[in-house]
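This is the structure I want to talk about, given as structure tokens.
Each chain gets a letter, A, B and so on, in the order the sequences are listed, and its residues count up from 1.
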Amino acid sequence: MLKRTHNCGELTAENVGQTVILNGWVDAYRDFGGLVFIDLRDRYGITQVVFEPDQGEALIAAARDLRSEFCIGVQGTVAKRLTGKENPKLATGQVEMRVSELQVYNESATPPFDIQAGDANEELRLKYRFLDLRRPELQKVFIMRHKMNQIMRKSLSDQGFLEFETPILGRSTPEGARDFLVPSRLHKGHFYALPQSPQLYKQILMMSGMDRYFQIARCFRDEDLRANRQPEFTQLDVEMSFVQDEDIMTSMEPLVANLAQEFTGSAPQLPLLRIDYQECMEKYGVDRPDLRFDVEIKDLADLAPRTSFQVIQIAVQNGDRVRGLCAPGGAKYTRKEIDGLTAYVAEFGAKGLIWLKVEDTGLTGPTAKFLPEDVQKELIERFSAKTGDMIFAVAGPQGVTHQALSNLRIRLGAELKLYDPSTYHYSWVVRFPLLHWDAEEKRYVAEHHPFTMPLPEDLHYLDTDPTKVRAQAYDLVVNGEECGGGTIRCHDPVIQAKIFSLLGLSPEDAQEKFGFLLSALSFGAPPHGGIALGIDRMVMLFSGLTNIRDCIAFPKTARGYDLMTGAPGQVDLKQLRELYVRVVD
RNA sequence: GGGGAUGUAGCUCAACUGGUUAGAGCACCGGCCUGUCACGCCGGAGGUUGCGGGUUCGAGCCCCGUCGUCCUCGCCA
């Protein structure tokens, strides 16, 4: 083998005259018969190597047989390129290598898609992931991912956090997502579950006095996939003892700022904005608002009685909500485009979309006639609307208005270019509800997870009106994506038991499923809490990608297949028998 | 499980209202070429239109089913 002395991204004019060896893949070949150019590529860059006739016929002949993606080694001397023949697009474009020796390590079959173009369909790219991953665009993402892991490790380690590993084979616990199960061979009819997160282990570590824990942890959830969701994903998992919610947020902020500085070139001002969940839902209709633009949803129900607009009057009488927002510059939407927006909000259950153009003379639109002049004026004032804006409103049940308007808000923000898409906005949404009522299951369900500590001042609602209890919970939101979340945990066995009972877990069940936790809580458990950041999503955001698959080296398709390996696959009957597993319809 | 989009040469795409032998660029193969960097020029080969069925004189196109891929609702403590 010709062992490389340099990589393909580092030769410059300073190396001229040196004898060097490069290893890499043929990115492109340009064959002039008597003269052959090869762009040699590795993950560091591209260097042009040239085969000239004065090195002998055999060498030129061998060079002419090179094709895309052959893996080769070349030895030669670094030469300054002929004047005027430099390539400013390459970091190595001032020089080229004049080859004296060539070794082909491995020829390549004709690639199934054009690796340089990168426009092959995803199915094919995933099947040949090893080729797809040769693309510099993707390599960049994984280099970023590596750096992110390094920064996280260093930052937390410097703050006194210890890195732990927790089991992948654990036990299934109720609540939360569907578990991936692993049958036990040693115990017929018993199963391990892959962790949805290392939640309970990290809490136990606090009870063991480890004080500050972190892990770059793989998590598994057997739910349907989405553009930003994979069945296995990676979290930066953190837990701390003797802390309140503010302490967690405060200790994570420098890390977030570091990452932002490193990957986006600018760090947010600290402390980050904290938004109360209730206020957040009222203003933006979601718990993960995109705050790169400041359009806010406002309540309009109070105006209904002063109009002759029956639709909203009936809505208000039914206890529905009437809410709206003002789209700066939205008046330029055509009738057809507005129909499109109406169809869009209908996807979220909205029965209609009220629209009012703001003009010099007042509001116009098919429903403007229902609004007396003073109401129009008040509307304009309420939104600080300007000529050329458009006010949109939706009437309906709270959930519908929230969904319709929050999604409309995002769409308007993008279409009307209300923000610079290359910017980033970071904030905390805090004080989530502890529980919500699940009508189908006829019980309370934990909003975050069952081990969350209520706000002290809300504890009394546990007995009277549990949905009013707010939790010591916080989500990190970046550009409308939830990038992480955490809570202060319940370290009081009495409160924990009360929450389990609200969740419909009998004391016996609780003992059976979480006995170890309850036991640990009764041996001097410290107040503690933590957070987990979604690493895949942060890579996605910082690399400007819109799907999570390109942030994961070997991702799965929307149906959960790994197209490269063919997983999941069938197994031998013998394997199943050993596990006491039978396939049934 | 539901909704939407999609599948044509190795790749990216085209093919009118259902109508001749399904085309183009790139890639591939052969030839020419000593300064290219998306090299160029000449020539060639390459198709079960995802799969199965149906309608029709005739289907890439219409209908039914099925599979894959993408987006989405439900789901995701």
Quickly work out the A/Phe113 CZ to B/rG10 C1' distance and round it to whole Å. 11 Å
Pick from A/Gln116, A/Arg41, A/Arg125: which one makes a side-chain contact (heavy atoms from CB on, under 4.5 Å) with A/Arg135? A/Arg125
For the side chain of A/Asp224 and the base of B/rG74, is some donor closer than 3.5 Å to an acceptor across the two? yes
Could you measure between the two C1' atoms, the one in B/rU69 and the one in B/rG58, and give it in whole Å? 32 Å
Flag the pair A/Phe514 / A/Phe451 as yes when their ring centroid distance falls below 6.0 Å, and as no otherwise. yes
Under 4.0 angstrom, heavy atoms only, what part of the nucleic acid is A/Thr452 near: base, sugar-phosphate, or nothing? nothing
Charged N-O contact under 4.0 Å between A/Glu10 and A/Arg4: no
Please encode protein proximity along nucleotides 29-39 of chain B as a string of B, S and -, counting only heavy-atom distances under 4.0 Å. S---BBBBBSB
Between A/Asp39 and A/Arg30, is the closest basic N to carboxylate O distance under 4.0 Å? yes
Base, sugar-phosphate, or nothing for A/Pro112, non-hydrogen atoms under 4.0 angstrom? sugar-phosphate
Does a donor on one side chain and an acceptor on the other come within less than 3.5 Å for A/Tyr284 and A/Asp290? no
If you measure from the P atom in B/rA45 to the same atom in B/rC13, how many Å do you get, rounded? 26 Å
Scan A/Leu124 against the nucleic acid and name what it touches under 4.0 Å (heavy atoms): base, sugar-phosphate only, or nothing. sugar-phosphate
Is a donor from one side chain sitting under 3.5 angstrom from an acceptor on the other, for A/Gln398 and A/Arg321? yes
Closest to the A/Glu123 side chain: B/rC75, B/rU12, B/rG68? B/rG68
Would you say A/Arg221 places a side-chain N or O within less than 4.0 Å of OP1 or OP2 belonging to B/rC75? no
Do A/Arg489 and A/Thr487 have side-chain atoms, one donor and one acceptor, less than 3.5 Å apart? yes
Under 4.0 Å between a side-chain N/O of A/Tyr561 and OP1 or OP2 of B/rU69, yes or no? no
Both A/Arg549 and A/Gln403 contact RNA chain B. Which one's nearest nucleotide lies toward the 5' end? A/Arg549
Going by purine N1 to pyrimidine N3 plus the second Watson-Crick contact, or the G-U wobble pair, all under 3.5 Å, which nucleotide sits opposite B/rU66? B/rG50
So, OP1 or OP2 of B/rC73: does either fall under 4.0 Å of a side-chain N or O from A/Arg226? yes
Would you indicate what A/Leu563 reaches in the nucleic acid, counting non-hydrogen atoms under 4.0 angstrom: base, sugar-phosphate, or nothing? sugar-phosphate
Closest to the side chain of A/Thr557, out of B/rC70, B/rU72, B/rG74, is B/rC70
